[in-house]
Amino acid sequence: FKNIKTYIMNRESLSYGEGIKDINDYLLADKERLTKNVNYIKETLENVIDQEAQEILNKDSALTFLNDFNEITKQAVKYKPISTNIDILDKVLGGGFYQKQLVILGAISSLGKTTLCLQVADNIAKQGQDVLIFSLEMSKEELIAKALSREMYIESRKNGAYMDYNLLSTMQILRGDLYNENKEQIAHETTQSLYLKAQENYKEFANHVYISELSSENEITIKTIEERIKKQIEITGRKPFVVVDYMQIIQRDDGGKTDKQIADSIVINLKRMARNYNITILVISALNRASYTKEVSLDSFRDTSAIEYTADVLIGMQSSVIDNAQTDDNQQRKNSKRINIAQKKEEREITIKVLKNRNGMIQDINQINFIAKYNMFDFTNAEIRNR
């Protein structure tokens, strides 16, 4: 009302000169004209309000969005799913990973969840797609050593030089075993040859791999993850495939919240980033302790219920030695012993369970061979099983 009075006084002072000092003077001087002006302004405001209200409705209207939707789907033809380069996994996922997806992978320790994500990330980088890795647990050196160990294993299988003593594990690479003169000369030369070839292979796609590691100079919070993704897109003009390892140790930048509230917020914000930046984000998650000796399920994911509802794809990994049929205490003790024995082996049989999938199937992939020593998942004998 104050703005209406100001408008009238400014407008009418031009006609009445100095005689009109306020709205009361105007009322006494010309009631009819004041009434017309007030009605005019009232109608104008009503029209503006109606227009703004309609704009609000139009913004959320499916009919209004239909033209934009058609354009989006035309553009989507250009963007195929991101292949993992693992045929059986792509098949279950509905072709691979899709833009705007939040993918969460969970497993207990020593099952190779980081290794699987890095193997997939390297496969994606080999296709010319940028990969941005946020490593909160392992150093950049460890991640690169893992990749080189895996490339040595792959190369040895290609050229028929696969012998355990010819290869180097992550730890052997990091501690410089390649230069150990106590090795037999022939094995040493073969190992050197495989290592140099592994480096050549890695160089072919390493320019598409970007690693942001947690350090005293580099915090990794939800805010810094988003800032880094935004800079990556601005600098390169390309949208990266993002890996976060792992969710539960993302640093907290907000106080006064419970663990569950913080975990929920992290999941929701990661999904928002995937949608807003039109990218895929693959996040590694820990499982709750109660799930260590049982079949992995939606209930296995730690701290947050938001995972089940917010993630587009939810994947669990478990040791194939787990007996899923029995859940009593005695059977779980047996499962625990089996897991402890399996974890000590250099090769372990793993099952991947796709627990939720908006674009593909809810299925298991069995008989996956995890060569832990050389950071390699071998899907050669893997099979899909319907649940």
Side-chain angles (χ1 to χ4, degrees), residues 56 59-60 62 65 69 72 76 79 81-82 93-94 96-107 113-114 117 120-121 131-137 212 214 218-234 239-291 296-317 353-360 362:
I56 291 170
K59 182 181 177 183
D60 295 331
F65 184 68
F69 171 80
I72 289 169
Y79 302 104
I82 303 170
L93 292 174
F97 295 121
Y98 288 80
Q99 292 176 326
K100 300 188 179 183
Q101 275 191 340
L102 175 63
V103 182
I104 299 180
L105 181 143
K113 53 188 181 291
T114 297
C117 287
V120 167
V131 173
L132 179 54
I133 301 170
F134 293 94
S135 181
L136 289 92
E137 190 175 31
S212 180
L214 178 65
N218 184 38
E219 290 186 343
I220 297 183
T221 65
I222 280 294
K223 183 179 179 181
T224 59
I225 288 173
E226 182 163 15
E227 288 173 350
R228 183 65 183 85
I229 290 171
K230 187 176 179 180
K231 286 179 182 177
Q232 184 77 16
I233 295 171
E234 288 174 350
K239 297 182 183 297
F241 178 86
V242 176
V243 177
V244 180
D245 182 19
Y246 63 94
M247 190 183 83
Q248 280 74 18
I249 51 177
I250 291 176
Q251 292 171 286
R252 303 177 177 187
D253 52 8
D254 50 359
K257 292 184 178 180
T258 65
D259 288 344
K260 182 183 182 305
Q261 288 172 328
I262 291 169
D264 285 347
S265 176
I266 286 171
V267 172
I268 291 167
N269 274 292
L270 288 171
K271 173 57 184 175
R272 176 185 57 78
M273 288 181 218
R275 184 178 61 244
N276 289 354
Y277 295 101
N278 205 23
I279 58 176
T280 306
I281 300 180
L282 172 59
V283 185
I284 297 173
S285 173
L287 300 184
N288 55 50
R289 287 285 175 185
S291 303
V296 65
S297 67
L298 292 173
D299 296 332
S300 302
F301 289 83
R302 227 170 84 183
D303 297 330
T304 173
S305 57
I307 285 179
E308 178 181 350
Y309 302 106
T310 307
D312 299 286
V313 179
L314 196 56
I315 300 171
M317 296 170 61
K353 302 176 78 67
V354 178
L355 304 167
K356 177 184 178 183
N357 190 3
R358 296 191 199 273
N359 295 307
I362 306 296

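Worth saying up front: this structure is predicted, and the values here are computed from it rather than measured.
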Subject >> Non-hydrogen side-chain atoms of F301 and V267 separated by less than 4.5 Å >> reply: no
Original post:
Is a donor on one side and an acceptor on the other found under 3.5 Å between the side chain of S212 and the backbone of F134?
Top reply: no
**OP:** Quick one: list whatever passes side chain to side chain donor-acceptor pair (under 3.5 Å) with K271, sequence neighbours left out.
**Re:** D312
**OP:** Dump the intermediate steps for side-chain contact (heavy atoms from CB on, under 4.5 Å) on I307 and M247, then the final yes or no.
**Re:** CA-CA 11 Å; I307 285 179; M247 190 183 83; 3.8 Å; yes
Subject >> Min side-chain heavy-atom separation V244-L136 under 4.5 Å >> reply: yes
**OP:** Return the minimal non-hydrogen interatomic distance between I220 and S135, and the atom names on each side.
**Re:** CD1-O, 4.0 Å
Original post:
In chain order, what residues pass the salt bridge (Lys or Arg N to Asp or Glu O under 4.0 Å) check against E226, with sequence neighbours excluded?
Top reply: R272
Original post:
Shortest non-hydrogen contact from Q232 to P240?
Top reply: CG-CG, 4.0 Å
**OP:** First locate atom CD1 of I250, then atom NZ of K223, and finally report the distance between them rounded to the nearest 0.5 Å.
**Re:** 15.5 Å
Original post:
Can you tell me how far the CD1 atom of I315 sits from the CG atom of N357, to the nearest 0.5 Å?
Top reply: 8.0 Å
**OP:** Kindly compute the distance separating CD (E308) from CG (D299), expressed to the nearest 0.5 Å.
**Re:** 7.0 Å
Original post:
Should I225 and I281 count as side-chain neighbours, where that means a heavy-atom distance under 4.5 Å?
Top reply: no
Original post:
If you take all heavy atoms of Y246 and I284, which pair is closest and at what distance?
Top reply: CB-O, 3.1 Å
Subject >> Donor-acceptor contact present, side-chain K113 to main-chain L105, <3.5 Å >> reply: no
Original post:
How far apart are the C-alpha atoms of I222 and M273, what are their side-chain angles, what is the distance that settles it, and do they pass the side-chain contact (heavy atoms from CB on, under 4.5 Å) test?
Top reply: CA-CA 10 Å; I222 280 294; M273 288 181 218; 3.6 Å; yes
Original post:
Considering residues at least two apart in sequence or located in another chain, which fulfil the side chain to side chain donor-acceptor pair (under 3.5 Å) criterion with T310?
Top reply: none
Original post:
What are the two closest non-hydrogen atoms of G316 and L355, and how far apart are they?
Top reply: N-CD1, 4.1 Å
Subject >> Separation between CD1 of I268 and OH of Y309, rounded to the nearest 0.5 Å >> reply: 12.5 Å
Original post:
Side chains of V242 and Y277: does their closest heavy-atom pair fall under 4.5 Å?
Top reply: no
**OP:** Output the distance between atom NZ (K100) and atom OG1 (T280), rounded to the nearest 0.5 Å.
**Re:** 11.5 Å
Original post:
What pair of heavy atoms forms the shortest contact from V243 to A121, and how long is it?
Top reply: CG2-CB, 4.2 Å
Original post:
Judged by atom type as modelled, is there a donor-acceptor pair below 3.5 Å linking the side chain of K239 to the main-chain atoms of N278?
Top reply: no
Subject >> CD/E219: more than 12 non-hydrogen atoms of other groups inside 6.0 Å >> reply: no
Original post:
If you take all heavy atoms of Q251 and N218, which pair is closest and at what distance?
Top reply: OE1-O, 4.5 Å
